Protein chains: 4
Amino acid sequence: MEKPEKCEKPDKCAEKREAIIQAALELVAEQGFHGAPMAMIAEKAGVGAGTIYRYFENKDDLIRWIYKNVEERFVEVMMQGYPEKGPVRERLVHIGTALVRHLISEPLQLRFVEQFHNSPYGVDHRREKIFGQGRKDVISELFDEAVAQQIFKPLELAILFSLFFGPLVDICRDHILGFVKLDDALIEQVVGACWDALRR
Amino acid sequence: MEKPEKCEKPDKCAEKREAIIQAALELVAEQGFHGAPMAMIAEKAGVGAGTIYRYFENKDDLIRWIYKNVEERFVEVMMQGYPEKGPVRERLVHIGTALVRHLISEPLQLRFVEQFHNSPYGVDHRREKIFGQGRKDVISELFDEAVAQQIFKPLELAILFSLFFGPLVDICRDHILGFVKLDDALIEQVVGACWDALRR
Amino acid sequence: MEKPEKCEKPDKCAEKREAIIQAALELVAEQGFHGAPMAMIAEKAGVGAGTIYRYFENKDDLIRWIYKNVEERFVEVMMQGYPEKGPVRERLVHIGTALVRHLISEPLQLRFVEQFHNSPYGVDHRREKIFGQGRKDVISELFDEAVAQQIFKPLELAILFSLFFGPLVDICRDHILGFVKLDDALIEQVVGACWDALRR
Amino acid sequence: MEKPEKCEKPDKCAEKREAIIQAALELVAEQGFHGAPMAMIAEKAGVGAGTIYRYFENKDDLIRWIYKNVEERFVEVMMQGYPEKGPVRERLVHIGTALVRHLISEPLQLRFVEQFHNSPYGVDHRREKIFGQGRKDVISELFDEAVAQQIFKPLELAILFSLFFGPLVDICRDHILGFVKLDDALIEQVVGACWDALRR
DNA sequence: AATGAATGAGACTTCATTCAT
DNA sequence: CATGAATGAAGTCTCATTCAT
């Protein structure tokens, strides 16, 4: 992930960039898009309003960039300690558990992603994700493999993803909002339930 | 679906009300809240800008009213032909199938509801829904019963709901956006998968 | 004061007219012009919004008509029991006392008049009053006479009026708003003070 | 007359602020509140519509700020050259004369204040002025002293103020509107008349 | 490179007035 | 005649973006 703008003092610049991103992330996560005007983001980041435009073309660009980063972070987390050689179930449980643990430890990221999905760009993004499958990622490969081995139900990838990730994200949201209280045991049960949905 | 405003000429009034509701529903569903200014709603409905305010106190009121109605419609649909005396699985499959059929036949309603959930009122609404369980509805009762009979996993209602309804809604969205193509056979499979997630 | 609109059922019409006038008077007096929209006046008067326009050309016309009536009422009150043959002081005290008594017994009329004086028409009205002295009224004659007899200071009528009526109206307003408490004795003192201002 | 908003370039900012204040003062004075929409104020001030909101939170804030300043200016003017040690009559005449001279030289300020007094805030302001007499000002002290020395009639402060200031303001308004023509001699006579109203 | 004051399009809402019923 | 639903111009205020410093 290269920095889209050149900068002579990398440290200083990276700092400001990060401050802007963090401020925008927090505001959008906590107040929604409509509660995150550029002026407020700038103030919270401790920079001038015009400065944001030196790092991002416009508000959309900023938002999209944050989304991309957060999503990549999700993948990183799921790949950390991924038992590449383990059986399908172990690999899937690892992914689900890692994701849930991350989401509830980074509530702002989850809330941001949810805000993003409902917006003009949300749909575009998902379209690109599903159809622009240029590069098969590890998770897609796992699902494909499980289908091929007749461990999973013979369904399209998009559907399998919804069956597995949909409930996990919903339940994490409920945890963050205080509607349910996840602990290690419960996480295991929930991930297990999602596994059941996929299993033949 | 009662008419909250008095009106001397029910026909004419109901027409305009419906036109406003339909216009707002479409615009919000297709463009998001941010793409549905009151002036545009009025124009699409073929009424003057001020006319909306004869039927709804303000924009929030309009949006909430639509949401409430759409949600009630969802429940109605799920309850239509509900096999009250049938086994748990049959009842659950009926609910899931009916919901999916309705959602993909009324794509605007689904998109609207998704937009609504991300907004200042979205969270409040869910909170009230989960904690203000004054009146147990038929669906909650079904789930409670299935847990008591040890047919479902022993999990909280909120979690069971996420496991069952979360993927269904996600997949319907993907169908609407053209990412997957649901037919009767596929619907059955998907609902079956969600059942598997709940089953002990 | 003829009724500007013809009407076949004088009773019914007069009733509606009065209701409209009373409603407008109250609303303007209590909430100011900005708190008295036509729709609210109509509702308070128990008539349709459009009905007002059968009796008055527009809002300005309504307001002006009320003002004219209220002002005429003031004159009537001051002329009631007016000691035409009495000495100047007695006549003036009668006028002042009668006015004060009326104003504090009809707070709405006072408040309305004050609202009226500050408005686009307020100035026009005063201009006409001062320069369009076509018909000398009794009060102007009294002041002229008092000046001629060298009882009053040799000042213009407009100034003498301000010296006498200005404080009286102000003090009545303060009474209505609860800032001072007028009783018969105090009224006498205040009118006496205003007399002192005029006296040579 | 402190600047309530911070600004890095005092000169430029103060200029715009002043332009906005002057524009609002003129429009309100000449056309009333109803004739002074924010867009018109902005245009007259030669700034963008949104700019006003960098200096004032909202329209009320702008109006109140102007009023406060104008009122303070009135007090300043009356206190300039105030003969603190002189006899009561001299002090009072100074106050009255200074006020009248100022009002007729700054007709916009007088008209503005009169507009202000008739408005939702007008009454509140007067109430606070009369009852919230936390800090006795010089003028109140003068009146209190004159009552104590039995120079003035034994009346409440609010009444004495109405007797003295009421006619002065009214007459200044008439001068501004061209109904009377004040000169030094006439001012002296009028102030003298108001003194007579107070004197025992 | 950074700032933040300035901008003005556009959002929501109100209300005097009209006109079909 | 009376009604009140409908209208749309106009009001207040917000905010993404620009640009002089």
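Chain naming here is simple, since letters A, B, ... match the order of the sequence lines and numbering starts at 1 in each. Source: prediction; values computed, not measured.
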So that I can compare with my own list, what are the stems of DNA chain E, taken as at least three consecutive Watson-Crick or G-U pairs with distances under 3.5 Å? E:2-21 with F:2-21
Criterion side chain to side chain contact (heavy atoms under 4.5 Å, CB included) on B/R173 and B/L177, from CA distance to verdict: CA-CA 6 Å; B/R173 191 198 329 105; B/L177 298 176; 4.0 Å; yes
Can you measure [X] atom [atom1] to [N] atom [atom2] for me and round it to whole angstrom units?
X     : N      : atom1 : atom2 : answer
D/R17 : E/dA6  : CZ    : P     : 11 Å
A/I41 : E/dG4  : CD1   : C1'   : 16 Å
D/E15 : E/dA6  : CD    : P     : 10 Å
A/L62 : F/dC15 : CG    : P     : 16 Å
D/D61 : F/dT12 : CG    : C1'   : 14 Å
C/I52 : E/dC19 : CD1   : C1'   : 16 Å
C/E43 : E/dC15 : CD    : C1'   : 14 Å

Tell me whether B/E30 is salt-bridged to B/R111, with the criterion being a basic N under 4.0 Å from an acidic carboxylate O. no
Should [X] and [Y] count as side-chain neighbours, where that means a heavy-atom distance under 4.5 Å?
X     : Y     : answer
D/M38 : D/K59 : yes
C/W65 : C/R17 : yes
B/L62 : B/I41 : yes
C/R64 : C/D60 : yes

Will you find, in the side chains of D/Y67 and D/E71, an N or O donor that is under 3.5 Å from an N or O acceptor? yes
Under-4.0 Å side-chain N/O to phosphate OP1/OP2 contact, D/K16 with E/dG4: no
Using a cut-off of strictly less than 4.0 Å, decide whether B/R54 has a side-chain nitrogen or oxygen near OP1 or OP2 of F/dA5. yes
What does nucleotides 9-14 of chain E look like as a protein-contact string, B for base, S for sugar-phosphate only, - for none, at under 4.0 angstrom between heavy atoms? --SSBB
Approximate separation, where rounding is to 0.5 Å, of C/F33 CZ and C/I63 CD1: 5.0 Å
Rounding to 0.5 Å, atoms NE2 (C/H117) and CD (D/E114) come to a distance of 11.0 Å
